[in-house]
Amino acid sequence: MSSMNSAFQTPEPRSQVDDPSSLVARFSADEPLMLDAGVPVGPWQIAYQTYGALNADKSNAVLICHALTGDQHVANVSPVTGKPGWWTTMVGPGRPVDTDRFFVICANVIGGCMGTTGPASTDPRTGLPYAVDFPVITIRDMVRAQAALIDRLGIETLFCVVGGSMGGMQVLQWAASYPDRVFAALPIATAARHSAQNIAFHEVGRQAVMADPDWRGGRYLVEGTRPTKGLAVARMGAHITYLSEMALHRKFGRNYQDRSAPTFSFDADFQIESYLRYQGLSFVERFDANSYLYVTRAMDYFDLAAEHDGSLARAFKGSATRFCVISFTSDWLFPTSDSRAIVHALNAAAASVGFVEIDSDKGHDAFLLDEPEMFAATRGFIDAAARARGLA
């Protein structure tokens, strides 16, 4: 395992920022992206991947929205890690989101670091990375950027929008902002607003990044440093929230790491300590620290009801979109009560909605793992929606 100071020896993650290993839609200064912060960004770009083929009437497009630390490489090998895509259990030939049937699109979010314009991108005014001069972004900004991409691809209506966690927030925002453009929506392990507890966890992570002396007020790229220690600690803290107590106990318990007794030191005596350190180190090799600040902040600001005078039902009023909401029993980051609030609002808005609570001890990350009941529910919902849409 590399040390925290040498974790960024590979130039590959940095090379993905302006000229990524994926498709890119570029928008000129005359086509700025207007942000909720009240400022335009332009020129700007959005990096994306596609899988499968678009049919003749462009009615089989599925948009996958990624979570906090995801990217556009949902079903292909990552150019940074060399590992399979982050949702190959869900997306691919014969999978619930079947790339033999659907044209699947996944884009890196605005504020990201894998080719879509964000704080690591080059500011055309200075020739240097934006860093913290980049405007703060929101979930609605992410969706607005995706809509510009869908327009560029000549697709009027998406057959389905799918995502978990922060991706699920984007799904809900799509359904609220563009109800006529979303035939079916599948928000998984998510909420219509970020809770105070979750904002608190994010703030601890951001403070860890900013307390690292190598953060340099956000100017680390220009100054040739990286706040790898702070970002690794932020990732370690966040990763705990993605798991459940049962999952931690089952995987690690109080087992020692490569030893039979305590060392009476601050080394990683326990397996869980070693695991968290590994998670932190591997994360800093592929993610930009400032992007972490920006994307967590976007989640914190998300409150769909607040955008509609405090009424979540009003966000979906008159919606013809078909919804399927999925939660997991052991997810304490986005508990089932959050999903039920979405379902109640959809019912109040007379929308078409199904709800599935899946019994799992894997915690929030269950949506990324092998969960047969989730696959069955997703496949059933998508197949039924496809029949209603007239798709074979």
So, for [X] and [Y], which heavy atoms are closest and what is the spacing to 0.1 Å?
| X | Y | value |
| --- | --- | --- |
| I358 | V356 | CG1-CG1, 3.8 Å |
| R322 | A388 | NH2-CB, 3.1 Å |
| V109 | Q146 | CG1-NE2, 4.3 Å |
| M166 | V295 | SD-CG1, 3.2 Å |
| Q72 | S22 | NE2-OG, 3.0 Å |
| L304 | L312 | CB-CD1, 3.9 Å |

With the side chain counted from C-beta on, respond yes when [X] and [Y] share a heavy-atom pair under 4.5 Å apart, and no when they do not.
| X | Y | value |
| --- | --- | --- |
| L54 | K58 | yes |
| M374 | M90 | yes |
| V161 | F183 | no |
| I326 | T378 | yes |
| W86 | C106 | yes |

If I take atom [atom1] from residue [X] and atom [atom2] from residue [Y], how far apart are they, to the nearest 0.5 angstrom?
| X | Y | atom1 | atom2 | result |
| --- | --- | --- | --- | --- |
| Y242 | Q279 | OH | CD | 10.0 Å |
| L368 | T89 | CG | OG1 | 7.5 Å |
| W44 | L33 | CH2 | CG | 5.0 Å |
| S177 | I139 | OG | CD1 | 11.0 Å |
| D331 | I188 | CG | CD1 | 11.5 Å |

Is the closest side-chain donor-acceptor distance between [X] and [Y] under 3.5 Å?
| X | Y | answer |
| --- | --- | --- |
| S274 | Q271 | no |
| D359 | T329 | yes |
| D269 | T263 | yes |
| S21 | Q16 | yes |
| Q49 | H73 | yes |
| Y51 | N76 | yes |
| E357 | S327 | no |
| N55 | S59 | yes |
| T122 | D18 | yes |
| Q173 | R140 | no |

Has the side chain of [X] got a donor or acceptor atom that lies under 3.5 Å from a matching backbone atom of [Y]?
| X | Y | answer |
| --- | --- | --- |
| S330 | S244 | no |
| R286 | T69 | yes |
| T296 | H202 | no |
| T116 | G112 | no |
| Q45 | G115 | yes |
| W332 | L243 | yes |
| Y294 | A289 | no |
| S311 | H308 | no |
| S121 | G118 | yes |
| S165 | G167 | no |

Does a side-chain N-to-carboxylate-O contact under 4.0 Å join [X] and [Y]?
| X | Y | result |
| --- | --- | --- |
| R144 | D141 | yes |
| D212 | R226 | no |
| R206 | D300 | yes |
| D383 | R101 | yes |
| R193 | D338 | no |
| E371 | K362 | yes |
| R26 | E31 | no |

*Should L63 and V97 be regarded as members of a common hydrophobic cluster, given that ILVMFWY residues are connected when their side-chain heavy atoms come within less than 4.5 Å of each other, either directly or indirectly?*
no

*Do D361 and R250 pass the salt bridge (charged side-chain N to carboxylate O under 4.0 Å, His left out) test, and can you show the C-alpha distance, the side-chain angles, and the key distance before you say yes or no?*
CA-CA 9 Å; D361 71 353; R250 184 182 69 249; 2.5 Å; yes

*Could you give me the CA-CA distance, side-chain angles and deciding distance for H194 and F201, then say whether ring pair (Phe, Tyr, Trp, His ring centres under 6.0 Å) is met?*
CA-CA 11 Å; H194 216 35; F201 282 124; 9.7 Å; no

*Test ring pair (Phe, Tyr, Trp, His ring centres under 6.0 Å) on H364 and F328 and set out the steps.*
CA-CA 7 Å; H364 180 62; F328 299 91; 8.3 Å; no

*Please assess D151 against R181 for the test salt bridge (charged side-chain N to carboxylate O under 4.0 Å, His left out), listing each intermediate value before the final yes or no.*
CA-CA 11 Å; D151 288 342; R181 302 190 69 175; 2.8 Å; yes

*More than 12 heavy atoms from other groups under 6.0 Å of CD on E156*: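 Open.
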
*asked:* Are there over 12 heavy-atom neighbours, none belonging to E245, within less than 6.0 Å of that residue's CD?
replied: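 Not buried by this count: 12 neighbours or fewer within 6.0 Å.
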
*Is the NZ or CZ atom of R235 positioned over F283's six-membered ring, under 6.0 angstrom from the centre and within 45° of the axis?*
yes

*Determine, for Y301 and R297, whether the Lys NZ or Arg CZ falls below 6.0 Å from the six-membered ring centre while staying within 45 degrees of the axis.*
yes

*Test T117 against I46 for side chain to side chain contact (heavy atoms under 4.5 Å, CB included), laying out the working first.*
CA-CA 7 Å; T117 302; I46 183 167; over 6 Å; no

*Start with the C-alpha gap between L153 and Y48, add the side-chain angles, then the distance that decides, and say whether side chain to side chain contact (heavy atoms under 4.5 Å, CB included) holds.*
CA-CA 11 Å; L153 295 175; Y48 66 104; 3.7 Å; yes

*On the 0 to 90° scale, with breaks at 30° and 60°, tag the Y256-F270 ring pair as parallel, tilted or perpendicular.*
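It falls in the parallel class, under 30°.
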
_Is the ring pair F367/W87 parallel, tilted or perpendicular, if the boundaries are 30 and 60 degrees?_
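Answer is perpendicular, since the angle exceeds 60°.
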
*Output, in order, the C-alpha distance, side-chain angles, deciding distance and verdict of side chain to side chain contact (heavy atoms under 4.5 Å, CB included) for T138 and F302.*
CA-CA 7 Å; T138 65; F302 186 62; over 6 Å; no

*Given the rule in the side chain to side chain contact (heavy atoms under 4.5 Å, CB included) test, do T321 and F323 qualify, once you have shown the distances and angles that lead to the verdict?*
CA-CA 6 Å; T321 303; F323 292 85; 3.7 Å; yes

